[in-house]
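Following: one structure in structure tokens, then a few remarks.
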Amino acid sequence: MAARLVIITDKMIPSTQRKYLARVSLSMMLMCAFISSSFAQVALKPGSVVFTDVTKAAGINFVNVSSPDKKFIVESMSGGVALFDFDNDHRLDIYFTNSHTVEAAIADRPRPPSALYRNRGDGTFEDVALKAGVSDPGWAMGVAVGDYDNDGFDDLYVTCFGPNRLYRNRGNGTFEDVTMKAGVSDPRFSTGAAWGDYDRDGRLDLFVSNYVDFKLSDLPQFGRGKLCQYRGVPVQCGPRGLAGAGDSLYRNNGDGTFTDVSKASGVNDPFGFYGLGVMWTDFDDDGWPDIVLANDATPNYAYRNNHDGTFTEMGFALGIAVDENGVELGNMGIARGDYDRDGRMDLVTTTFADQYNLFLKQNADGSFADVSRVTKTAGVSMPYVGWGTRLFDYDNDGWLDLFVANGHVYPQIEGAFPGAMYRQRKLLYRNLRDGTFAEVAASAGAALSERRSSRGAAFGDFDEDGDVDIVVNDLDGPPMLLRNDGGSKAGHWITLRLTGTKSNRNAVGAKVTLMAGGLTQVSEIHGGDSYISHSDRRLHFGLGAATKIDSVTIRWPSGAVEKLTDLPVDRIILIVEGKSSKQ
């Protein structure tokens, strides 16, 4: 079979003059000898690519409302955000979840509304959440997007401090609450969610991670006991000391309903670990989607798909569960990508303060090794509490960089001891193409240095100019829409939008291998990522100086493999499974 290829964006973005170093050290030449000259560009000067906060200019006036004191853990964990095209106009829209307070919930006061911002296509947005019927999902936490009924319109699943909500996209700008009919409410304290076709039947299934067993009728006492102290400062209790809530897997029946197969499949979490970020990803490269789950203060899970409807937990065996010292980390966000371009997808989880963000390199045998210190990403992350994250190519040089949104959970620590900060800046690591990174946020725009209480982050090219932008949902205030300025001028690019036919329509689970300029890049399509958030499903590849794509090989979720050759650059391209002669 062959894939249909359609050029959606025919506007070429002209390349700018690039400045090369007059002299290159012998060691650098030897290190980069394997890279084609198309990619042998020098490091950009500081400030060549910056992220500009355009939130106000874009007309986004959303405010996340939570308790300023954060006396209860449920008040600290919200903040999911989604970038997706809900109205099929080929422009990315934004959905922000909103928080609540224990005091207001007990008094049954109205919840702060969540927001759905429709992209007008001129750099501005309008909030249509109320009209669309998605403004009050509950005490919202996270969000995942997926076309579960394969009708061509993306549906919305919002996790909450129970119950959750499934909104079916009617295709006319409005959504229908089908939660009870579908059977996916999950009344627990849910956080992360992700769509993936684990049985490869062409229909998206749903995994939901749950956090702690928290009850408004039985509140833990703030600051009481050793598990409610942080460096001697009284703070909220948990997650340690609280019971875990277990997780859920819902199998899509194909008729608008789902079956809870959590226990039968072996992913219900009988140990009660504290689940947060979750991702479907094929970590053993066998064509079947597996599950990686970031657990807070407990070992991470890695569920291997057994191809028979069941999973085997492999976290410790694969080296994903803990750090190199065997320490359980406070894992929150999760990202996957091939940072060293060896053809294997590596893994990052963001963690709590006094711990480094966990950077795991995948080995040839499928296991993972902790390279956090080797990559030089560990040290600078230690003071921060990391949440939303992604491995992505912000400067289009063909190598994946790393972004982390930060913010502490204890307002009480501000100034309580040296270096204590509740609101924290963001981290941006530039890939130096030698297995290490440099933290460059200070030279990438003032917005990244602004201290915020950040949570979820989603990634995608909202202004369609050829570089990846970021939207961050911050607690206790407005979000940040961070426009990438300069990325499209720094290097060529291509964005692939895949549509499944035999596979699920979103092509979630598809693996793409791209060859250009002597460099091989691999990526896969996810149905949820970062910290309880959802990024643009289209795959963006930076190409450096390469002016054409040698080949794109797609392994569809159905198992079909297709190859396209000699593709143009600086375009968004639609590829439909099995429906064209273009090879």
Side-chain angles (χ1 to χ4, degrees), residues 25-35 39-40 42-44 277 279 281 283-285 292 294 299-300 302 314-386 389-395 397-404 406 426-442 444 519-523 542:
S25 69
L26 177 61
S27 59
M28 180 63 74
M29 288 191 292
L30 291 173
M31 180 187 72
C32 297
F34 68 98
I35 305 174
F39 278 91
V42 301
L44 295 172
M279 176 185 290
T281 178
F283 58 69
D284 55 1
D285 202 29
V292 176
N300 292 325
M314 302 283 291
F316 278 100
L318 292 176
I320 290 174
V322 294
D323 72 8
E324 63 182 357
N325 299 312
V327 176
E328 301 169 353
L329 303 176
N331 303 281
M332 265 79 82
I334 191 166
R336 195 143 194 246
D338 180 13
Y339 82 96
D340 53 358
R341 296 307 186 204
D342 65 355
R344 294 184 291 271
M345 301 275 285
D346 310 299
L347 183 69
V348 172
T349 67
T350 53
T351 59
F352 202 71
D354 303 318
Q355 303 170 349
Y356 55 75
N357 292 328
L358 187 60
F359 206 124
L360 299 172
K361 172 180 167 57
Q362 187 163 34
N363 301 315
D365 64 359
S367 66
F368 291 79
D370 183 351
V371 294
S372 309
R373 299 189 189 280
V374 174
T375 57
K376 299 184 179 179
T377 59
V380 70
S381 70
M382 294 288 284
Y384 300 96
V385 177
T389 186
R390 190 174 180 88
L391 285 160
F392 76 117
D393 186 1
Y394 82 94
D395 53 4
D397 70 345
W399 294 79
L400 296 182
D401 312 296
L402 176 64
F403 175 90
V404 181
N406 300 300
K426 298 166 178 63
L427 298 173
L428 178 66
Y429 300 89
R430 185 167 191 271
N431 193 327
L432 300 182
R433 313 175 211 166
D434 61 358
T436 68
F437 292 76
E439 206 283 305
V440 297
L519 189 67
T520 299
Q521 303 186 49
V522 296
S523 190

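Only heavy atoms go into these numbers, but all of them, side chains included; no hydrogens, no water, no symmetry mates.
- Counting only distance, with no hydrogens or angles, the side chain of N300 and the backbone of I320 share a donor-acceptor pair below 3.5 Å.
- For the pair Q521 and G542, the tightest heavy-atom approach, listed with the atom from each and the gap, is NE2-O, 2.9 Å.
- No side-chain donor-acceptor contact under 3.5 Å links N431 to the backbone of D401.
- For S367, the side-chain hydrogen bond (donor to acceptor under 3.5 Å, both in side chains) partners two or more places apart in sequence, or in a different chain, are N363, D365.
- Residue pairs that meet the ring pair (Phe, Tyr, Trp, His ring centres under 6.0 Å) test with at least one member in residues 316-337, sequence neighbours left out, do not exist here.
- Residues forming a side-chain hydrogen bond (donor to acceptor under 3.5 Å, both in side chains) with R344 (at least two apart in sequence, or on another chain): D342.
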Practice item. Show your reasoning for whether side chain to side chain contact (heavy atoms under 4.5 Å, CB included) applies to Y384 and T350. Key: CA-CA 9 Å; Y384 300 96; T350 53; over 6 Å; no
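- Considering OG1 of T351 and CG of L329, their distance stands at 5.5 Å, rounded to 0.5 Å.
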Can you list, pair by pair, the side-chain donor-acceptor contacts under 3.5 Å of residues 374-383, counting residues two or more places apart and other chains?
residue, atom, partner, partner atom, Å
T375, OG1, V371, O, 2.9
T375, OG1, S372, O, 3.0
T375, OG1, T377, OG1, 2.9
T377, OG1, S372, O, 3.3
S381, OG, N357, N, 3.1
S381, OG, A378, O, 2.7

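- Taking Y429 as the reference, nothing meets the side-chain hydrogen bond (donor to acceptor under 3.5 Å, both in side chains) condition, with sequence neighbours excluded.
- Summarising the geometry of F403 relative to T389, their closest heavy-atom pair is O-OG1, 2.8 Å, with the distance given to 0.1 Å.
- N325 places no side-chain N or O within donor-acceptor distance of the main-chain N or O of V327, the cut-off being under 3.5 Å.
- Listed by chain and number, the residues in a ring pair (Phe, Tyr, Trp, His ring centres under 6.0 Å) with F392 are F459 (sequence neighbours excluded).
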Point to revise | R433 and D397: CA distance, side-chain angles, deciding distance, side chain to side chain contact (heavy atoms under 4.5 Å, CB included) verdict | key: CA-CA 10 Å; R433 313 175 211 166; D397 70 345; 3.2 Å; yes
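- Within the 4.5 Å cutoff, the side chain of D323 has heavy atoms near those of the Y356 side chain.
- Scanning all heavy atoms of the two residues, the minimum distance from A441 to K426 falls at CB-O, 3.7 Å.
- With a 4.5 Å cut-off on side-chain heavy atoms, D285 and M345 do not count as touching.
- Closest heavy-atom contact between G333 and A294: O-CB, 4.2 Å.
- Every residue meeting the ring pair (Phe, Tyr, Trp, His ring centres under 6.0 Å) condition with F359, not counting sequence neighbours, appears here in chain and number order: Y339, F437.
- For E439 (side chain) and L427 (main-chain N/O), no donor-acceptor pair under 3.5 Å exists by modelled atom type.
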Practice item. Decide yes or no on side chain to side chain contact (heavy atoms under 4.5 Å, CB included) for R430 and Y394, but give the supporting numbers first. Key: CA-CA 8 Å; R430 185 167 191 271; Y394 82 94; 3.4 Å; yes
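- Pairs of residues two or more places apart, or lying in two chains, that qualify as salt bridge (charged side-chain N to carboxylate O under 4.0 Å, His left out) and include a residue from residues 345-357 are R231-D354.
- Residues forming a side-chain hydrogen bond (donor to acceptor under 3.5 Å, both in side chains) with N406 (at least two apart in sequence, or on another chain): none.
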Check your understanding: Where do D370 and L360 land on the side chain to side chain contact (heavy atoms under 4.5 Å, CB included) test, with the steps shown first?
Key -> CA-CA 5 Å; D370 183 351; L360 299 172; 4.1 Å; yes
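- A search for side-chain contact (heavy atoms from CB on, under 4.5 Å) contacts involving L400 returns R341, L391, D393, not counting sequence neighbours.
- Interatomic distance, CD of Q355 versus CG of N331, reported as 7.5 Å (0.5 Å rounding).
- Scored by the side-chain contact (heavy atoms from CB on, under 4.5 Å) test, S523 finds L539, F541 as partners (sequence neighbours excluded).
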